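Working notes, structure below.
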Amino acid sequence: MSQNLFSEMRDHVVAALTAIVPDLSPEVLARVEVSPTRDPAHGDMATNAAMVAAKPAGQNPRALAQALAETLAGLPLLAQAEPAGPGFVNLRLSTDALLGQVPVILQAGESYGDSRFGGGTRVNVEYVSANPTGPMHIGHCRGAVVGDALAAVMAKAGFAVTTEYYINDAGGQVQALGWASYWRYLQAAGSTITPEEFEAQTPTGLQYRGDYLIPVGEALFREFGTSLAGPDLGLAEPSLWFETVRDRALTMMLVEIREDLALLGVQQKVFSSEAALLASGAADRVIGELEAKGLIYEGVLEPPKGKTPDDWEPRPQTLFRATDFGDDFDRPLRKSDGSNTYFANDIAYHADKIARGADILIDVLGADHGGYVSRMKAVVKAVSDGRVPLEVVLCQIVHVMRGGQPVRMSKRAGTFVTLRDLLDEVGRDAVRFTMLMRKSDAQMEFDLDQAVAQTRENPVFYVQYAHARCRSVLRAAVEQLGADAMTPDALAGADLSALDDAQEIALIRALMNWPRLIEGAAAAREPHRVAFYLYDLASEFHMLWNKGRDDTTLRFLQADDAAGTRARLALVTATATVIRSGLQVLGVTPAEEMR
RNA sequence: GCGCCCUUAGCUCAGUUGGAUAGAGCAACAGCCUUCUAAGCUGUGGGUCGGUGGUUCGAAUCCACCAGGGCGCGCCA
C-alpha cells in the first residue's frame, strides 16, 4: 500500500474523472485535489474534482459529483463515496485501507513521509550568513532555524538540498572589526589609550565596542606580545599589523559563530567566503558576462521621490539594468572608490552557487533585507538566463518577552540578547520549536516564560511529552509481552481490528496526513507547518490517552486482551514513529521520558 | 512620496495555495482528579476575518482603493 493515501486516491479520482469527461485539459486536471475533511462526518477525504471540471465539461457540478461518486464507489480502498455540498465528493476509506496505514508506517519507520515530490531538483538554501563581526543574536536565530528546517523539509520531500552560509568577510565592516580588535589588543598589552584618542586615528571609527572582542585582543597579545604595537603602546603603522589582526579576529569570530550554530543544532554543508570569491576574480568575471549581455551601463539615478537624502547629488555610476527584470530602478555595482558594492559581490556569489549546480536558489533573509530582494531576483534571472529562480524567505523581527514585558535588545543598555544567552536559558529544543510556531513572514513574540514552561501552553513540551508517553507505554509493554513481540515488524503483522474507537481512528487519520503535509510544506517553503502538524498530532494522541482515563477499556495495555493490546501498541509505535520523523525535520530531540 | 510584509476571538496565533458551519492555546465560566505519567481532564461562552467595492458556483484567501503596524528606499552588509 502507498504511503500517501491522498496522492493514491487522487490518481483514482483523476482516472475516474477522465473516464466520465474524456477531454479535460492538463490545467484543469492539475487543479483536482484530494484533501482531508475538516469534519469527520464528511468522511476521511474529499475531492473538488467535480467542481473544477464542471465548467469545462459543461455539466452541473452536483450531477458530475454524483457520477464521480458512483464510479469511485467500486474502489476497494473506499467504503463510501457520495456527493456533498456544492459538488464535493466525500470519500470514506474502508476499514482495511485506514488500518492498513499503521503497518505501512511501522515498516517505513522514520522514513515515513519521504517522498519523490521534489524529483531530485537541486536546491541551494542559504541562511544565517551573519557578518563575522560579532556573536549571533536572536535576530539571526530565527533565520537559522527556519533555513535549517526548510532544508530538512525539502530534503524529505525529495529535493536534492545543499545548505550554505555566506561569510561576508570582505567589506568595510570587516575593516572596522580589524580596527576594533586592534584596540582590544592595545588594551591587552597595557595601553592606556582612550576610545576617543584611538577612534580619531582610524579610518572606520570604533564601531564594535562590545566585550566580545576582549578575548581577541588578549589572544593577539599572547601570540605577538607588544610587537604589533607602536611606540609607547600607541598605534603602529597599519601595514605592519592590519591583515594579521583582521584575519585572527575573523577566524575567532567565525569559530564562535560556528559554535553557536552547533549549539543550536545547525550545520550548513558549505561555508563560502566572500573574500575568497573576490580573490578568484569571480566578481569581475560575472560583471563582464553581464556587460557582454548589454546589461551594464554608466548612468545617473534619479533621487527617490518624496524623500531626497540631504547629501543627494547626481553622479554617474556603474549600473545593472535591474529594471529589465522587474526591479524598480537600476542598481549600482561600484562604490566611488572603485571597489564593488555588496550587491556586485553577491551577484558573483549567486552565480557561483548556480555554477556549482542548482536548479533553485533560496535565500533566507531578515526582514531588514526586504528591499534587497527585487534586485537580487532580477540579477539571478539575468545571470542564469531565466533558468534558475531565486526565492527569498523573509524572516520578520522577533520580539523577546519576559513576564509580559519586552526585553529590549540594546547593546548600550547591556540587555543585548545573544543566541547563546537564549540557548542557555531555554535550551535548543524549545528555541527551535518555538521559532517555528510562527509563519516566518509574520512578526513574532518569543515568550521566554512560555518556552521553558512544562505545560500544555508550551508546544514543544506538549509534543515531546506525547512522544515520551508513547515510549513510556512501550517500555511498560516490554515487561509484559517481551521485546520480540514489540519490534515494528512484529507489530506490523498484528490484527488491528480492535482499533475501532472514534479517537483511535482520529489518530490514524492524523498519522496518514504526514506524507501529504511534508509535500505541502516543502512546496510552500513553510517549515512551520510541520510544527503545527506535530502539535495537532500530539493533541490527538493526548486525547486518546485521556479518554482511557474515563474508559479503562481504551487503555493501551489490557492484561486480558493480548490481541487488542498488540493492536494498540502498533498504533502507539506508529505515533511515536511519526512524531520522531517530524521532530527530526525540525531538529528537535524526541524525549524518551520527562521527569 | 514609493516598494515589500503584516492586520483573524479579550491575548498569542493557525487556517492545507479559492471550498462545506472560520480553528487552537491562554484568559473567562461550569464540572471532574484514589489513574497505563493529573508538570491535569471534560464541557460552555466568545468573531462584521482592519474597512469599502469587485472577480465567480463559492473569498479570511484573488484584484482595486482606504485605514493602521513593521521593514526598506544611490557607494552598510
Side-chain angles (χ1 to χ4, degrees), chain A residues 31 33 35-39 42 46 48 51 54-55 60-62 84-88 90 129-131 133 168 170-174 274 300-309 312-315 317-319 327-343 345-346 366-374 394 396-397 401 404 437-439 441-445 447 450 453-459 461-462 465 468-469 472-473 476-477 513 516-517 520-521 523-524 526 528-529 532-533 535-536 539 542-543 545-550 552 555-558 593-595:
Chain A
R31 291 179 55 210
E33 286 180 5
S35 45
T37 56
R38 192 184 312 246
D39 184 348
H42 294 154
N48 63 351
M51 287 183 288
K55 185 175 272 187
N60 174 296
R62 291 251 353 164
F88 289 101
N90 287 339
S129 299
N131 287 328
T133 54
N168 299 134
Q173 294 185 5
V174 173
E274 180 183 4
V300 179
L301 288 176
E302 296 290 315
K305 295 196 168 46
K307 185 208 159 211
T308 306
W312 179 273
E313 55 185 65
R315 67 171 81 95
Q317 291 176 291
T318 304
L319 298 170
D327 200 1
D328 297 329
F329 44 89
D330 295 336
R331 303 289 181 170
L333 297 174
R334 308 243 193 247
K335 306 180 191 176
S336 53
D337 67 0
S339 66
N340 290 342
T341 58
Y342 180 82
F343 177 54
N345 292 347
D346 216 8
D368 54 343
H369 290 68
Y372 189 65
V373 174
S374 56
L394 282 184
Q396 292 288 339
I397 307 293
M401 306 291 283
M437 282 301 288
R438 296 288 177 272
K439 252 184 326 201
D441 56 3
Q443 293 177 41
M444 75 177 292
E445 291 191 7
D447 186 334
Q450 179 182 301
Q454 303 277 295
T455 67
R456 178 169 192 168
E457 300 164 46
N458 183 0
F461 166 79
Y462 194 63
Y465 190 35
R469 274 183 160 171
S472 165
V473 171
N513 270 330
R516 183 176 187 275
L517 185 113
E526 291 186 343
H528 75 277
R529 292 190 194 186
F532 279 91
Y533 167 80
Y535 186 79
D536 289 342
S539 179
H542 286 308
M543 273 195 272
W545 177 287
N546 292 329
K547 213 170 168 182
R549 267 211 292 253
D550 297 331
T552 56
R555 297 187 182 182
F556 299 118
L557 304 179
Q558 300 287 334
E593 58 180 350
M594 303 182 85
R595 292 187 184 280

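Letters A, B, ... mirror the listed sequences (proteins, then strands); counts begin at 1. Worth saying up front: this structure is predicted, and the values here are computed from it rather than measured.
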Contact class for [X] vs. all strands (heavy atom < 4.0 Å): base, sugar-phosphate, or nothing?
X        : value
A/Ala54  : nothing
A/Ala477 : nothing
A/Ala453 : nothing
A/Glu313 : base
A/Ser35  : nothing
A/Gly548 : nothing
A/Glu302 : nothing
A/Ala367 : sugar-phosphate
A/Ala468 : base

Listed nucleotide nearest any side-chain atom of [X], set [options]:
X        : options             : result
A/Pro332 : B/U35, B/G74, B/U37 : B/G74
A/Arg438 : B/A77, B/C13, B/A38 : B/C13
A/Gln317 : B/A77, B/U12, B/G74 : B/G74
A/Arg555 : B/C36, B/A77, B/G70 : B/C36
A/Asn48  : B/U37, B/G19, B/U12 : B/G19
A/Glu445 : B/C36, B/U12, B/G15 : B/U12
A/Trp545 : B/U16, B/C36, B/G40 : B/C36
A/Asp368 : B/U17, B/G72, B/U37 : B/G72
A/Arg549 : B/C36, B/G74, B/A38 : B/A38

Name the pairs: protein N/O against N/O of nucleotides 56-65 of chain B, kept only if under 3.5 Å.
unit_1, atom_1, unit_2, atom_2, d
B/C57, OP1, A/Lys55, NZ, 3.0

Please report, rounded to the nearest Å, how far the [atom2] atom of [N] is from the [atom1] atom of [X].
X        : N     : atom1 : atom2 : answer
A/Asn546 : B/A38 : CG    : P     : 9 Å
A/Asp536 : B/C13 : CG    : C1'   : 13 Å
A/Met444 : B/C13 : CE    : P     : 8 Å
A/Tyr462 : B/C41 : OH    : C1'   : 11 Å
A/Phe343 : B/C73 : CZ    : C1'   : 15 Å
A/Glu457 : B/C13 : CD    : P     : 15 Å
A/Tyr535 : B/G23 : OH    : C1'   : 12 Å
A/Phe532 : B/G23 : CZ    : C1'   : 11 Å

OP1 or OP2 of B/U37 less than 4.0 angstrom from a side-chain nitrogen or oxygen of A/Ser472, does that happen here?
->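 Affirmative; the distance criterion is met.
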
B/G25 phosphate, OP1 or OP2: any side-chain N/O from A/His542 under 4.0 angstrom?
->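 So the side chain of A/His542 is outside the cut-off, no N or O lying under 4.0 Å from OP1 or OP2 of B/G25.
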
Would you please determine if the base of B/G72 is stacked by A/Tyr372, with stacking meaning a centroid separation under 5.5 angstrom and planes under 30 degrees?
->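 So A/Tyr372 does not count as stacking on the base.
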
Near-parallel close stack of A/His369 and B/G72 base (under 5.5 Å, under 30°) = no

Of all residues at least two apart in sequence or in a different chain, which pass the salt bridge (charged side-chain N to carboxylate O under 4.0 Å, His left out) check with A/Arg438?
->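 Partners of A/Arg438 under the salt bridge (charged side-chain N to carboxylate O under 4.0 Å, His left out) test: none.
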
So, for [X] and [Y], which heavy atoms are closest and what is the spacing to 0.1 Å?
X        : Y        : value
A/Phe343 : A/Tyr372 : CA-OH, 3.5 Å
A/Ala46  : A/Phe88  : CB-CD2, 4.4 Å
A/Pro86  : A/Pro61  : O-CB, 3.7 Å
A/Met437 : A/Phe532 : O-CZ, 3.2 Å
A/Gln396 : A/Ala367 : OE1-CB, 3.4 Å
A/Leu517 : A/Arg529 : CD2-O, 3.9 Å

Is a side-chain N or O of [X] found less than 3.5 angstrom from the main chain of [Y], in a donor-acceptor match?
X        : Y        : value
A/Asn131 : A/Gly171 : no
A/Asp441 : A/Leu394 : no
A/Asn458 : A/Gln450 : yes
A/His542 : A/Tyr462 : yes

Nearest-nucleotide comparison on RNA chain B, the residue closer to the 5′ end among A/Pro36 and A/Gly338 |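 Its nearest nucleotide being more 5', the pick is A/Pro36.
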
Identify, between A/Asn131 and A/Val473, the residue whose nearest nucleotide on RNA chain B lies closer to the 5' end.
->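 Closest to the 5' end, via its nearest nucleotide, is A/Val473.
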
[atom1] atoms of [N] and [M], separation to the nearest Å:
N     : M     : atom1 : result
B/A20 : B/G58 : C1'   : 10 Å
B/C57 : B/G18 : C1'   : 12 Å
B/A24 : B/G69 : C1'   : 25 Å

Non-neighbouring partners of A/Gln317 that pass side chain to side chain contact (heavy atoms under 4.5 Å, CB included), sequence neighbours left out =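 Residues passing side chain to side chain contact (heavy atoms under 4.5 Å, CB included) with A/Gln317: A/Leu301, A/Arg315, A/Leu319, A/Pro332.
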
Can you name the residues that form a side chain to side chain contact (heavy atoms under 4.5 Å, CB included) with A/Lys55, not counting sequence neighbours?
->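 Checked A/Lys55 against side chain to side chain contact (heavy atoms under 4.5 Å, CB included); zero matches.
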
Do any N or O atoms of the protein come closer than 3.5 Å to N or O atoms of nucleotides 1-10 of chain B, and which pairs are they?
unit_1, atom_1, unit_2, atom_2, d
B/G1, N2, A/Lys305, O, 3.3
B/G1, N3, A/Lys305, O, 2.7
B/C5, O2', A/Asp441, O, 3.0

Hey, are A/Arg516 and A/Asn513 close enough side-chain-wise for a donor-acceptor pair under 3.5 Å?
-> no

Please step through side-chain contact (heavy atoms from CB on, under 4.5 Å) for the pair A/Glu274 and A/Ser129, ending with a clear verdict.
-> CA-CA 11 Å; A/Glu274 180 183 4; A/Ser129 299; over 6 Å; no

Secondary structure of RNA chain B in dot-bracket form (Watson-Crick or G-U wobble, distances below 3.5 Å, | marking inter-strand pairs) = (((((((..((((.....[...)))).(((((.......))))).....(((((..]....))))))))))))....

Do A/Val473 and A/Leu557 come within less than 4.5 Å of each other through their side chains, counting heavy atoms only?
->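 The answer is yes; the side chains approach within 4.5 Å.
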
State the syn/anti category of B/U17 according to its glycosidic angle, syn meaning within 90° of 0.
->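 That one's syn.
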
Looking only at N and O atoms, is any donor in the side chain of A/Tyr465 or the base of B/U37 less than 3.5 Å from an acceptor on the other one?
->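 Per atom types, the contact qualifies.
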
Quick one: does A/Asn90 reach the base of B/A20 with a side-chain donor-acceptor pair under 3.5 Å?
->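 Under the 3.5 Å cut-off, the side chain and the base do form a donor-acceptor pair.
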
